[in-house]
Amino acid sequence: NVLNVGRWKLGAACMGSSKRLIEFCARYAKERKQFKTPIASFQAIREMLANAAIRTYLLESLIYAYAGALDDVCATIDPAEQDRYKYVVKFVKGLNIEASIAKVFGSESIFFTSDDAVQIYGGYGFIRDYPPDQFYRDNRINRIFEGTNEINRLLIPDTLIRRSMKGSIDLMTPIQNVLDGLNKGFSKTNGGGPLAEWIDQLECLKRLALYFSGVVVQKYMEKLKERQLLAMLIADFVIEIYAIQSGLQRALKIAKLKGKEESALAEQMCVVYLCEKTPQLLARARQALFNVAEGNEKEFESYEKALARIIQPKLAPTEALKEKIAARVLEKEGYVY
């Protein structure tokens, strides 16, 4: 349980490192000139800045989602309760999946950001007098301690399956609903607004995750522990869906509290990430199901038909949206929120 708290705190630390690196990179990109032009004017550099901001926004969103859940439960415990800490510990244990998500998503986000930071600084990125060098070296350990990212990924489906078998969560009903929807069709998300279609895309992604998990668990049962690549793909679905959902919920809350103008950038970051991540996850699921079929063409054909019914990746003007995100990063010379 100590590891659970440590994993969340590690994710928060990675968030802080990401914000600091964005500050360094934004300022350097405006100052450094190549061909008598600031490198901030190069689209390839601006995309790196936008990607860093997007991942940091999602990381920050899921970090605060965990913190909010912990604060909410602590608020229900009487401060005079002598066994107060026991209640907190019990709840923290129940958030072990969220803690693993924070650790994995955070450590991998800062890895991508620090790698791009070295790229933005060019040869100077290798020199100790410049920030990226230390960030790049120091952040490598993040994917190892508090449990390697592979261990944390394996913990996620294992925990979900154990909780389902104990009856503390119901996985079979949602899976059955997806199977029923393959015959009856799926309803779209109700409500309007610019995010409605993307919330619906997230729901489709959840159905894809449930369908894939159902197929894999039913076929391998206890032997799933031996099929670690399949288990880790289930974990990646959970991690990405949690990150995207945290980001979308936060964008909606910003719109409600501060208005559409203030939430516009958050919405754009969610749309870009969801638009780019969905086809990647779909392709990985398709390849994994081909492997599961083990050469049985009829079996794989049934999987193919199911995938086509469950989800169709949506498109968005990601290039233009990233330009807006990068412009805000350069304007603020740092993280956008």
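These values consider heavy atoms only, across backbone and side chains, with no hydrogens, waters or symmetry-generated copies. In this chain, residues are counted from 1 in sequence order.
With contacts defined as side-chain heavy-atom distances shorter than 4.5 Å, the pair Tyr57/Val336 does not qualify. Using a 4.5 Å heavy-atom threshold, the side chains of Asp133 and Tyr124 count as separate. By the 4.5 Å heavy-atom criterion applied to side chains, Val271 and Gln268 are not counted as neighbours. Trp198 is not listed as a side-chain neighbour of Glu267, based on a closest heavy-atom distance of 4.5 Å or more.
A cation-pi arrangement is absent between Arg140 and Phe135, since the terminal nitrogen or guanidinium carbon is not both under 6.0 Å from the aromatic centre and inside a 45° cone about the axis. Annotation: cation-pi geometry satisfied between Arg250 and Tyr337 (NZ/CZ under 6.0 angstrom from ring centroid, within 45° of ring axis). Cation-pi check for Arg143 over Phe111 is met; the charged atom lies under 6.0 angstrom from the ring centroid and within 45 degrees of its normal.
For Phe91, the CZ atom is densely surrounded, since the number of other residues' heavy atoms within 6.0 Å is greater than 12. Around atom CD of Glu297, no more than 12 heavy atoms belonging to other residues, nucleotides or ligands sit under 6.0 Å away. Residue-environment remark: CD (Gln134) stays at or below the threshold of 12 foreign heavy atoms within 6.0 Å. Atom CD of Gln176 sits in a crowded spot, with more than 12 heavy atoms from other residues, nucleotides or ligands closer than 6.0 Å. The neighbour count for Glu81 CD, taken as heavy atoms of other residues, nucleotides or ligands under 6.0 Å away, is above 12. In Phe126, the CZ atom is not crowded: 12 or fewer heavy atoms of neighbouring residues, nucleotides or ligands sit closer than 6.0 Å. Crowding of Phe24 atom CZ: a count of heavy atoms from other residues, nucleotides or ligands under 6.0 Å exceeding 12. Heavy atoms from other residues, nucleotides or ligands lying under 6.0 Å from NZ of Lys30 number more than 12.
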Test side chain to side chain contact (heavy atoms under 4.5 Å, CB included) on Ile101 and Leu62 and set out the steps.
CA-CA 8 Å; Ile101 290 172; Leu62 67 87; 4.3 Å; yes
For Ile110 and Leu21: C-alpha separation, side-chain torsions, deciding distance, then whether side chain to side chain contact (heavy atoms under 4.5 Å, CB included) applies.
CA-CA 9 Å; Ile110 187 57; Leu21 263 180; 3.9 Å; yes
Evaluate Thr113 against Asp116 for side-chain hydrogen bond (donor to acceptor under 3.5 Å, both in side chains), listing each step before the verdict.
CA-CA 5 Å; Thr113 300; Asp116 279 348; over 6 Å; no
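Between Arg7 and Glu146 there is no salt bridge, since none of the side-chain N atoms of the basic residue sits less than 4.0 Å from a carboxylate O of the acidic one.
With values rounded to the nearest 0.5 angstrom, Ser213 atom OG is found 6.5 Å from Ile175 atom CD1. A distance of 9.0 Å separates CD1 of Ile241 from CD of Glu203, quoted to the nearest 0.5 Å. The structure places CD1 of Ile54 at 8.5 Å from CD of Glu47, a figure rounded to the nearest 0.5 Å. Here the CD atom belonging to Glu261 is positioned 13.0 Å from the CD1 atom belonging to Ile254, to the nearest 0.5 angstrom. Atom CG of residue Asp236 and atom CD of residue Gln280 lie 11.0 Å apart, to the nearest 0.5 angstrom. We find the CD1-CD1 distance between Ile144 and Ile141 to be 4.5 Å, quoted to the nearest 0.5 Å.
Lys103 contributes a side-chain N or O that, together with a main-chain N or O of Asn142, makes up a donor-acceptor pair within less than 3.5 Å. Of the possible donor and acceptor atoms, one in the side chain of Asn152 sits under 3.5 Å from a partner among the backbone N and O of Thr148. With hydrogens and angles ignored, the 3.5 Å screen pairs no side-chain donor or acceptor of Thr173 with any backbone N or O of Asp170. When atom types are taken as modelled, the side chain of Thr37 and the backbone of Phe35 share a donor-acceptor pair closer than 3.5 angstrom. In this structure a side-chain-to-backbone donor-acceptor pair under 3.5 Å is missing from Asn1 to Leu3. Of the possible donor and acceptor atoms, one in the side chain of Thr56 sits under 3.5 Å from a partner among the backbone N and O of Ala52.
Taking all atoms of both residues into account, the shortest heavy-atom contact from Ile120 to Tyr28 is O-CE2, 3.6 Å. Across every non-hydrogen atom of Leu330 and Ala40, the tightest pair is CD2-CB, 3.9 Å. Shown here for Ala293 and Tyr303, the closest heavy-atom pair between the two residues is CB-CE1, 4.2 Å. Of all heavy-atom pairs between Thr278 and Leu274, the closest is OG1-O, 2.7 Å. Contact record, Leu58 with Ala243: CD2-O, 3.5 Å, taken as the closest heavy-atom pair. The minimum heavy-atom distance between Tyr121 and Gly125, with the atom names listed, is CB-N, 3.6 Å.
The salt bridge (charged side-chain N to carboxylate O under 4.0 Å, His left out) check on Lys219 picks up Glu299, with sequence neighbours excluded. Partners of Asp115 by salt bridge (charged side-chain N to carboxylate O under 4.0 Å, His left out), not counting sequence neighbours: none found.
Phe237 and Phe212 have tilted rings, their planes meeting at an angle from 30° to 60° on a 0 to 90° scale.
Phe112 and Ile22 fall into different hydrophobic clusters, where Ile, Leu, Val, Met, Phe, Trp and Tyr residues are linked whenever their side-chain heavy atoms come under 4.5 Å apart, directly or through other members. Hydrophobic clustering (ILVMFWY, side-chain heavy atoms < 4.5 Å, transitive): Ile127 and Val118 are in distinct clusters. Taken together through direct or relayed side-chain contacts under 4.5 Å among Ile, Leu, Val, Met, Phe, Trp and Tyr, Trp8 and Leu10 form parts of separate hydrophobic clusters. Following chains of ILVMFWY side-chain contacts shorter than 4.5 Å, one can reach Leu202 starting from Phe186, so the two form part of one hydrophobic cluster. Hydrophobic clustering places Leu171 together with Val217 (ILVMFWY residues linked when any side-chain heavy atoms are closer than 4.5 Å, directly or through intermediates).
Using modelled atom types and a 3.5 Å distance limit, the side chains of Lys322 and Asn51 yield a donor-acceptor pair. When only modelled atom types and interatomic distance are considered, Lys206 and Gln245 share a side-chain donor-acceptor pair under 3.5 Å. Between the side chains of Asn149 and Ser107, a donor-acceptor pair is found at a separation under 3.5 Å.
Partner Tyr335 forms a side-chain hydrogen bond (donor to acceptor under 3.5 Å, both in side chains) with one of Glu60, Lys19, Glu23 and no other, that one being Glu60.
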Report all side-chain donor-acceptor pairs from residues 304-318 shorter than 3.5 Å, counting only partners two or more places apart or in another chain.
from	atom 1	to	atom 2	distance (Å)
Glu304	OE1	Arg286	NE	2.8
Glu304	OE2	Arg286	NE	3.4
Glu304	OE2	Arg286	NH2	2.9
Gln312	NE2	Ala308	O	3.1
Lys314	NZ	Glu197	OE1	3.0

With a 3.5 Å cut-off and sequence neighbours excluded, list the donor-acceptor pairs that the side chains of residues 221-231 form with protein atoms.
from	atom 1	to	atom 2	distance (Å)
Arg227	NH1	Tyr220	OH	3.0

Throw together a table of side-chain donor-acceptor distances under 3.5 angstrom for residues 63-79, partners on residues two or more places apart or in other chains.
from	atom 1	to	atom 2	distance (Å)
Thr76	OG1	Val73	O	2.6
Asp78	OD1	Ala80	N	2.9

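Counting Ile, Leu, Val, Met, Phe, Trp and Tyr side chains that sit under 4.5 Å apart, directly or through other members, Ile151 shares a hydrophobic cluster with Leu155.
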